[in-house]
2 protein chains.
Amino acid sequence: SMKETIIKVTVSDVRFPTSLEQHGSDAMHNDPDYSVAYVVIETDRGSRGYGLTFTLGKGTEIVVCAVEALSALVVGKALGDIVGDFRSFYRLLTSDGQMRWIGPEKGVIHLATAAVLNAVWDLWAKAEGKPLWKLLVDMDPKQLVSCIDFRYITDALTEEEALDILLKGQEGRQAREEQMLSEGYPAYTTSCAWIGYTDPQLKQVPCSWYRFKVKVGADLQDDIRRCRLIRETIGPDNTLMIDANQRWDVGEAIDWVTRLAEFKPLWIEEPTSPDDILGHATISKALAPLGIGVATGEQCHNRVMFKQLLQASALQFVQIDSCRLGSVNENLAVLLMACKFQVPVCPHAGGVGLCELVQHLILFDYISVSASLHNRMCEYVDHLHEHFKSPVLIRDACYMPPKDPGYSTEMKEESVRKYHYPQGEVWQGLRNQ
Amino acid sequence: SMKETIIKVTVSDVRFPTSLEQHGSDAMHNDPDYSVAYVVIETDRGSRGYGLTFTLGKGTEIVVCAVEALSALVVGKALGDIVGDFRSFYRLLTSDGQMRWIGPEKGVIHLATAAVLNAVWDLWAKAEGKPLWKLLVDMDPKQLVSCIDFRYITDALTEEEALDILLKGQEGRQAREEQMLSEGYPAYTTSCAWIGYTDPQLKQVPCSWYRFKVKVGADLQDDIRRCRLIRETIGPDNTLMIDANQRWDVGEAIDWVTRLAEFKPLWIEEPTSPDDILGHATISKALAPLGIGVATGEQCHNRVMFKQLLQASALQFVQIDSCRLGSVNENLAVLLMACKFQVPVCPHAGGVGLCELVQHLILFDYISVSASLHNRMCEYVDHLHEHFKSPVLIRDACYMPPKDPGYSTEMKEESVRKYHYPQGEVWQGLRNQ
């Protein structure tokens with residue numbers, strides 16, 4: 001209930017040895033061990049909220065350390081007080097007079113903020129007995145807006161404009177919700193073409209999918225070969241995207257993607273540094289005549305960066321991430337800015353739990369904000385879902401709306417125990433090999 | 001010597017209880033405890049290099065944790081191998097396939113990178129028996145360029161352009177070095193007007209200075225009163241700067257600074273989010289007719305951000321920081337970009353050790369890069385220098401070039417012991433009060 005008080009925050013370092021099979025490999029991250037800093041908050045009435053942020057293995061212990069530092073700001077707070085003025089609580093975590101220096105709102109401390117706030121949103125949704133997307137869809141627009149910290153974005157989106165967008169989104173909401181419940185939200189798969197995959201693995205493109213993403217950027221000739229192989233396998237009518245994971249400088253990106261244009265990719269994802277707004281704008285402008293858009297966002301570190309990417313027409317697809325931005329609060333700001341700038345949102349997912357979380361946000365986006373599926377789809381990767389209590393449900397290449405209360409963040413206790421780093425039995429076993 | 005191998009990296013959490021006296025208080029950080037993550041690297045021949053990054057108290061333990069994670073990449077490396085291909089070593093630390101996810105090159109992990117690399121530069125300078133600025137000034141331009149990672153900045157500055165700038169900087173170098181040794185590098189003081197200072201404190205403007213900075217942004221009427229008081233005290237011919245420490249949104253910054261224009265500030269520092277390149281550009285354009293420039297950089301997290309600030313004409317004063325950017329390596333890139341874009345560099349200093357470190361960089365900038373003192377000065381704050389083995393020497397409001405070998409990073413052992421957090425005697429004493 002809203003009167004519950006948070007009495008405890010615990011955080012675990014949970015790592016999956018995905019590097020052993022080259023799952024998740026790309027041009028910049030060749031040996032990721034998909035991992036999470038996993039947060040559990042407990043209340044004085046025995047309720048629990050679960051949250052996480054995604055990492056690639058080494059360094060997870062740093063994020064864990066940051067969660068521990070933030071915990072002091074969370075313990076002792078009543079859930080009702082938090083969500084009754086969520087903007088202030090967000091500000092409390094992100095603008096501590098001493099800790100903001102090591103961000104602000106970026107990198108380790110912001111990943112930790114995401115994990116903690118994700119747990120709070122899970123707790124709230126469970127207290128309301130609803131899946132998170134439904135909590136958002138049913139929420140009064142004024143309360144939704146009260147969750148957003150508008151600091152540094154008012155030159156692009158004011159509180160009044162945000163409210164107007166949400167009020168307009170109420171129209172037809174019921175029909176869109178029913179549509180989602182029956183059809184689901186369109187997805188694409190990245191599982192088919194990691195950099196480290198062999199040709200036989202590449203040819204096993206799952207026939208139940210219509211939209212596919214290929215990792216590129218390590219070697220041009222190899223990229224041409226791999227893109228050709230995938231394009232031939234999926235045929236001309238299915239959708240192909242390519243993803244360079246920040247491998248290039250600006251000029252190099254333009255040249256390289258131009259060489260891959262014959263395979264008709266819808267977008268090039270992360271062509272260069274995630275910090276390079278002006279670079280993305282230059283690339284966007286150069287590739288527009290080829291019919292290739294620029295997508296980015298999985299390492300876009302906060303709403304101020306997304307604001308500028310939109311202001312500069314630097315991207316044609318906004319890839320929000322549920323665990324890098326400051327949880328639902330900051331993602332709401334980005335969804336509303338994307339709506340104002342009329343740029344489609346196509347969330348980043350995969351990793352550990354990213355699919356489970358972000359499906360809630362994109363369902364809310366369609367039902368209550370964008371009201372459109374044009375050029376929109378949510379990433380899907382078929383790893384590690386078995387570790388979650390309420391794993392995603394994909395049907396006919398669509399995310400089916402989750403029905404369990406909460407933010408789908410809760411992991412199985414056995415998984416947390418076995419994959420706990422470094423003392424879990426899986427890691428002990430690997431060390432003993 | 002260059003054959004030494006690093007065998008150990010240790011890191012300490014050292015905090016000074018500056019919040020007790022409101023030293024360092026500003027509109028966003030009202031109770032900083034100036035602190036450092038303090039790194040000592042040891043070689044197999046018994047040499048030591050000292051490095052640090054600056055923090056505001058809470059969260060220092062997170063940076064310490066990040067240094068420990070990076071240590072694994074440093075131990076076992078020979079100094080000669082590192083500096084013989086410093087670009088690769090920089091890349092090793094900043095682009096680890098797993099750890100770059102929690103940055104990349106920003107926030108906690110980048111602060112830790114700075115601390116570690118600062119220690120390596122200290123070790124190198126000591127091995128050469130020179131103060132760091134002199135090591136840089138005497139270094140072959142080709143080797144200087146080999147220290148820089150040009151990834152993501154080649155659209156603004158290529159390796160060839162960098163080399164050209166450095167070769168051109170050789171002309172007249174000897175005379176500028178002698179000038180610095182006799183006259184020093186011009187400085188300004190921020191010690192006179194912290195937000196938390198009382199009026200009697202404000203009136204104690206040190207008469208030995210010619211350039212002064214005032215903290216603003218918390219309350220407009222109070223700012224008007226404080227700026228008037230300072231301007232009256234220093235007179236019309238001395239230089240006044242104002243600093244809002246990111247307090248405003250874009251429109252608010254323009255309105256507020258316009259109200260303070262009558263006090264003739266040379267610049268407004270950090271008017272808004274350090275991430276907001278386009279916002280700074282808008283503010284710069286609006287304030288140009290008032291003769292007020294925009295200065296920023298102390299929280300500009302890497303060379304990609306500085307690149308864009310320069311490309312967008314978003315700042316008129318580049319404020320490099322010795323502990324937020326990736327040490328000398330990344331600062332070299334920024335100095336060279338600033339030279340190309342013809343924007344003066346006015347370093348950020350203060351905190352703990354920032355004056356000690358950054359003086360080396362700005363001396364190098366004058367002697368070997370910019371060759372100009374026009375509109376240039378280095379920040380100075382008179383706190384905490386007593387904890388350093390080779391503290392800065394200010395003479396007639398100028399930084400006198402340090403003569404001791406190294407990067408002036410070494411702290412007194414007694415200071416490190418007493419202020420160690422939380423077990424040092426100073427902190428134990430405060431807890432027992």
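Keep in mind that what you see is a predicted model, and the values were worked out from it rather than measured. Numbered from 1 within each chain, the chains take letters A, B, ... in sequence-line order.
- Using a 4.5 Å cut-off on side-chain heavy atoms (C-beta onward), A:P104 and B:Q246 make contact.
- Taking 4.5 Å as the limit, every side-chain heavy atom of A:T154 sits out of range of all side-chain heavy atoms of B:V250.
- Counting heavy atoms from C-beta outward, A:R324 and B:W101 have side chains that approach closer than 4.5 Å.
- Both the backbone and the side chain of B:M99 come within less than 4.5 Å of a heavy atom of chain A.
- A:R247 touches chain B through backbone and side chain together, each having a heavy atom under 4.5 Å away.
- Checking side-chain atoms of A:Q98 against main-chain N and O of B:P32 turns up no donor-acceptor pair under 3.5 Å.
- When heavy atoms are compared at a cutoff of 4.5 Å, B:N302 approaches chain A solely by way of its side chain, counted from C-beta outward.
- Counting heavy-atom pairs closer than 4.5 Å to chain B, the top-ranked of the candidates A:Q299, A:M305, A:Q311 is A:Q299.
- Looking at B:I102, both its backbone and its side chain come within 4.5 Å of chain A, counting heavy atoms on both sides.
- Put simply, the residue from A:L70, A:V63, A:I62, A:V64 that forms a side chain to side chain contact (heavy atoms under 4.5 Å, CB included) with B:I62 is A:I62.
- Here A:L278 contributes atom CG and B:K307 contributes atom NZ; the two are 7.5 Å apart, rounded to the nearest 0.5 Å.
- Using a 4.5 Å cut-off on side-chain heavy atoms (C-beta onward), B:H110 and A:K106 make no contact.
- No salt bridge links A:R151 with B:D249; every basic N to acidic carboxylate O contact stays at or beyond 4.0 Å.
- When A:D31, A:T53, A:T272 are compared by the number of non-hydrogen pairs under 4.5 Å with chain B, A:D31 comes out ahead.
- When each of B:A69, B:G107, B:A66 is checked for heavy-atom pairs under 4.5 Å with chain A, B:A66 comes out on top.
- For a residue to count as touching a neighbouring chain, one of its non-hydrogen atoms must lie under 4.5 Å from one of that chain's; by this rule B:F54 touches chain A with backbone and side chain alike.
- Of the residues considered (B:T282, B:V108, B:D275), B:D275 shows the highest number of contacts with chain A, using heavy-atom pairs under 4.5 Å.
- Of the two parts of A:D155, only the side chain, counted from C-beta on, holds a non-hydrogen atom closer than 4.5 Å to a non-hydrogen atom of chain B.
- Of the possible donor and acceptor atoms, one in the side chain of A:Q308 sits under 3.5 Å from a partner among the backbone N and O of B:I277.
- Of the atoms belonging to A:D96, it is side-chain heavy atoms, and not backbone ones, that fall under 4.5 Å from chain B.
- Side-chain contact between B:H301 and A:H301 is present, with at least one heavy-atom pair separated by less than 4.5 Å.
- Applying the side chain to side chain contact (heavy atoms under 4.5 Å, CB included) test to B:A253 and every residue at least two apart in sequence or in another chain returns B:W248, B:P271, B:I283.
- Of the listed residues (B:G97, B:A72, B:S273), the greatest number of heavy-atom pairs within a distance under 4.5 Å of chain A belongs to B:S273.
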